[in-house]
Amino acid sequence: MKIVEHNRTKNEKFLTLENISHRYEESWVLNEITYTFENKKYVLMGPSGIGKSTLLHIACNILKSTYGKIETTHEIGCIFQTLNLLNDFTLRENIELAAKIKHKKPEYEEIAYLCGITKILDKYPNQVSGGQKQHAAITRALATGATFLIADEPTGNLDAESARIVRNLFDLLNRKLNIGWIVSSHDPAWLDIADEKLTLKSARLNTL
Ligand code: ADP
Ligand code: MG
């Protein structure tokens, strides 16, 4: 199958966090964060409890920040730690159902091919590996029109080899389809493929 290389210069899409602050009860997890994500590969590192998931959930618009706002020209695809694949449906049905809910015609053949799941599309989630589920969740996000991916610890529960394949896939999606992404992780291996390396410290976003 031929995969078209996209023109990386025509690329004005962005995701901006504007003065984002967030607190749970009395404790401030994020403090006045302003940052623009371009269409690039971002890795958000940092130990547990530092606020990575909070930041990503706000960026995905599934959590409303205490203060501040998000602006984006992207269709954001979110891949959470619990992948939310429906166990009674095959991977293909999961992908098609998600598209249907968004009133989109599912176009996933090329993406499924890139993600290496063409041969397992008719299997159920519990018949495939953790890495393959990640690939299916990525395919699902892209099949419903996502132009930017936000993934919270996509290799957190995977063995070293599956994690390597998932990292390679994220890299490939950027090279072949010009999909930008933010991935959170503890694993320094992500640093090798990131364009920008970020971390949270004292509720502020810093470059590593
Ligand atoms: P990370 O993803 O880096 O592990 P989180 O964003 O999940 O960090 O959490 C940041 C901090 O906010 C932690 O101290 C966590 O206990 C707290 N926290 C997260 N979610 C909630 C919540 N729903 N209610 C209260 N505290 C929370
Ligand atoms: Mg987290």
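For ligands, and for the atoms within them, numbers begin at 1 and follow the listed sequence. Keep in mind that this is a model prediction, so the values were computed, not measured. Atom set for the values below is all heavy atoms of this structure, side chains included, hydrogens, waters and symmetry mates excluded.
Here the protein heavy atom with the shortest distance to atom 8 (O) of ligand 1 is Gly51 N, 3.1 Å. If you check which protein heavy atom lies closest to atom 19 (C) of ligand 1, you get Tyr24 CE1, 3.4 Å.
Judged purely by distance below 3.5 Å, without hydrogens or angles, the side chains of Ser21 and Thr66 never pair a donor atom with an acceptor atom.
At least one heavy atom of Gly49 sits less than 4.0 Å from an atom of ligand 1. For Pro47, the closest heavy-atom approach to ligand 1 falls below 4.0 Å.
Nearest approach of Thr90 to Asp122, heavy atoms of both residues: CG2-O, 3.4 Å.
Residue contacts to the Mg ion (ligand 2): Ser53 brings an N, O or S atom closer than 2.8 Å.
Distances between N or O atoms of Ser53 and those of ligand 1 include at least one value under 3.5 Å.
Using cut-offs of 30° and 60° for the angle between ring planes, the Trp28 and Tyr67 rings count as parallel.
Listed by number with element, the atoms of ligand 1 under 4.0 Å from a non-hydrogen atom of Ser48 are 4 (O). Atom numbering of ligand 1 starts at 1 in the shown order; those under 4.0 Å from a heavy atom of Thr54 are 5 (P), 6 (O), 9 (O). With ligand atoms numbered from 1 in the order given, ligand 1 contributes 1 (P), 3 (O), 8 (O) to contacts under 4.0 Å with heavy atoms of Ile50. Proximity to Val29 (heavy-atom distance under 4.0 Å) selects the following atoms of ligand 1: 10 (C), 11 (C), 12 (O).
Classification of Lys40 and Glu196 as a salt-bridged pair holds, one side-chain N sitting under 4.0 Å from a carboxylate O. Salt bridge status for Asp171 with Arg175: present, with a side-chain N to carboxylate O gap under 4.0 Å.
Tyr35 is not listed as a side-chain neighbour of Leu15, based on a closest heavy-atom distance of 4.5 Å or more.
Ring centroid separation for the pair Tyr42 and Phe37 comes in under the 6.0 Å cut-off.
Counting only non-hydrogen atoms, the option in Lys52, His57, Glu153 that gets closest to atom 3 (O) of ligand 1 is Lys52.
Atom NZ of Lys104 has more than 12 heavy atoms from other residues, nucleotides or ligands within 6.0 Å.
Of the protein's heavy atoms, none falls inside 4.0 Å of atom 16 (O) of ligand 1.
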